[in-house]
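Note that the numbering runs from 1 along the sequence shown for the chain. Excluded from the calculations below are hydrogen atoms, water molecules and symmetry mates; all remaining heavy atoms, backbone and side chain alike, are included. In listed order, ligands and their atoms are each counted from 1. Predicted model, so just to flag it, every value in this text is computed and none were measured.
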Amino acid sequence: MNFKEKIEASTQARNSKIVLALDLPPQKRELLLNKATEILENVEPYVCAVKINRHLVLPLGLFNDLQKIVKRAEDYGLPTIMDCKINDIGATNRVVAQHYFDAGFDAVTANPFVGWEQGLKPVFEAAKKNGKGVILLVYMSHKAAYEGYGQTVKTESGKLVPQYAVFAEKALKWKADGAVVGATYPEKIREIHQMLREEVPIYSPGIGVQGGKIREALNAGARFLIVGRSITLSEEPGENAKKLRDLANQV
Ligand code: XMP
């Protein structure tokens, strides 16, 4: 089963489109590990995957305490995504991706800005060899996203198009396992979804704290909703995750 099939099976089996972004503010290492473990335990019945960021990798250490979290997610049957936004030269990218795959992650995120040859090609090769996935950034959710992802660029044939459309085409051509498009821009989700259709599922972050709405994102074509602080910083992460899951299932 490749990553795309794995997360699709998980979303069906668990009846949830929510990907937990297990992000926590800086705190003492032991507290962080305990808190992250506790949140995962409470939230796991309501999500289809777990996304980890440097919030945990840096303080806990990839081959150290973080592996306890990755292993626990695996024991729950949850696919894991490392949101490392790979963005360097190919030789470095390959090493970075391989470390995350060796640590047990099922997929990594990457930035298509660096291109294919000596860019992301080695990442896709490493993913294929290891049976893992690559999710590309296509349009981010923050306010300044238009400065990069929204700029107008000239294609090789001289046509003027938005940068995100070029990235969506790359996602198709490179057979990416997913495309990140911010929930804060449902019109971009709609446009990009029309290009990607069911071939490349859209992962949509920016729900809640950043103002993105579940209904709008799903109606526009998002397949998965990435949610962090609305769950992790709440008093009752499990209850909130359940509410978000139920809301998504009503759409
Ligand atoms: P929150 O707390 O805003 O966390 O629910 C979102 C998580 O997703 C990561 N991420 C992004 N977040 N726009 C985002 O808002 C993006 O384009 C994006 N790409 C990834 C973010 O780092 C956090 O872990």
Q: Which residue and atom name correspond to the protein heavy atom nearest atom 5 (O) of ligand 1, and how close is it?
A: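 So the nearest neighbour among protein heavy atoms is G228 N, 2.8 Å.
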Q: Would you mind telling me if ligand 1 is within reach of the side chain of Q210, the backbone, both or neither, using heavy atoms under 4.0 Å?
A: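 Near ligand 1, Q210 shows its side chain, while the N, CA, C and O stay back.
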Q: Check this for me - ligand 1, R229, N or O atoms closer than 3.5 angstrom, yes or no?
A: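 It does: an N or O of R229 is found under 3.5 Å from an N or O of ligand 1.
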Q: Counting heavy atoms only, which of P205, G208, G212 is nearest atom 6 (C) of ligand 1?
A: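 The nearest heavy atom belongs to P205.
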Q: For A49, give me all partners under side chain to side chain contact (heavy atoms under 4.5 Å, CB included), at least two apart in sequence or on another chain.
A: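 By the side chain to side chain contact (heavy atoms under 4.5 Å, CB included) rule, A49 matches I7, V19, P79.
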Q: Going by atom types alone, do E8 and Q12 pair a side-chain donor with an acceptor below 3.5 Å?
A: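 Yes, a side-chain donor-acceptor pair sits under 3.5 Å.
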Q: Using heavy atoms and a 4.0 Å limit, tell me yes or no: is D23 in contact with ligand 1?
A: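 The answer is yes: ligand 1 sits under 4.0 Å from a heavy atom of D23.
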Q: For the residue pair Q210 / S141, report whether a side-chain donor-acceptor contact shorter than 3.5 Å exists.
A: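 Yes, side-chain donor-acceptor contact under 3.5 Å.
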Q: Are E38 and N34 close enough that a side-chain donor and a side-chain acceptor fall under 3.5 Å?
A: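 No, N34 and E38 have no side-chain donor paired with an acceptor closer than 3.5 Å.
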Q: Would you say V209 has any N or O atom under 3.5 Å from an N or O of ligand 1, going by distance alone?
A: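 Among all N and O atoms of V209, none is under 3.5 Å from an N or O of ligand 1.
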Q: What are the atoms of ligand 1, with element, lying closer than 4.0 Å to any heavy atom of K85?
A: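 Result: 10 (N), 19 (N), 20 (C), 22 (O).
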Q: Could you tell me which atoms of ligand 1, counted from 1 in the order shown, lie closer than 4.0 angstrom to a heavy atom of K51?
A: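 Checking each atom against K51, I get 7 (C), 8 (O), 9 (C), 23 (C), 24 (O).
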Q: Polar-atom distance check: S141 versus ligand 1, any N or O pair below 3.5 Å?
A: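 N/O-N/O distance under 3.5 Å: yes.
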Q: Looking only at side-chain N and O atoms, does Y76 offer a donor or acceptor that is under 3.5 Å from a partner on E41?
A: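 Absent: no donor and acceptor within the cut-off.
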Q: Is there a donor-acceptor contact under 3.5 Å linking the side chains of Q98 and N130?
A: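 Checked: Q98/N130 side chains pair up, N/O donor to acceptor below 3.5 Å.
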Q: May I ask you to list the residues sharing a hydrophobic cluster with V166, side-chain cutoff 4.5 Å, ordered by chain and number?
A: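 Besides V166, the cluster holds V153, V161.
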Q: For atom 9 (C) of ligand 1, which of T184, D83, V19 has the closest heavy atom?
A: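 Residue with the shortest heavy-atom distance to the ligand atom: D83.
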Q: Evaluating non-hydrogen atoms only, which member of I135, N53, I52 is closest to atom 22 (O) of ligand 1?
A: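 Going through I135, N53, I52 one by one, N53 has the nearest heavy atom to atom 22 (O) of ligand 1.
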Q: If only side-chain N and O atoms count, and only distance matters, is there a donor-acceptor pair under 3.5 Å linking T232 with D23?
A: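 There is no such pair between these side chains.
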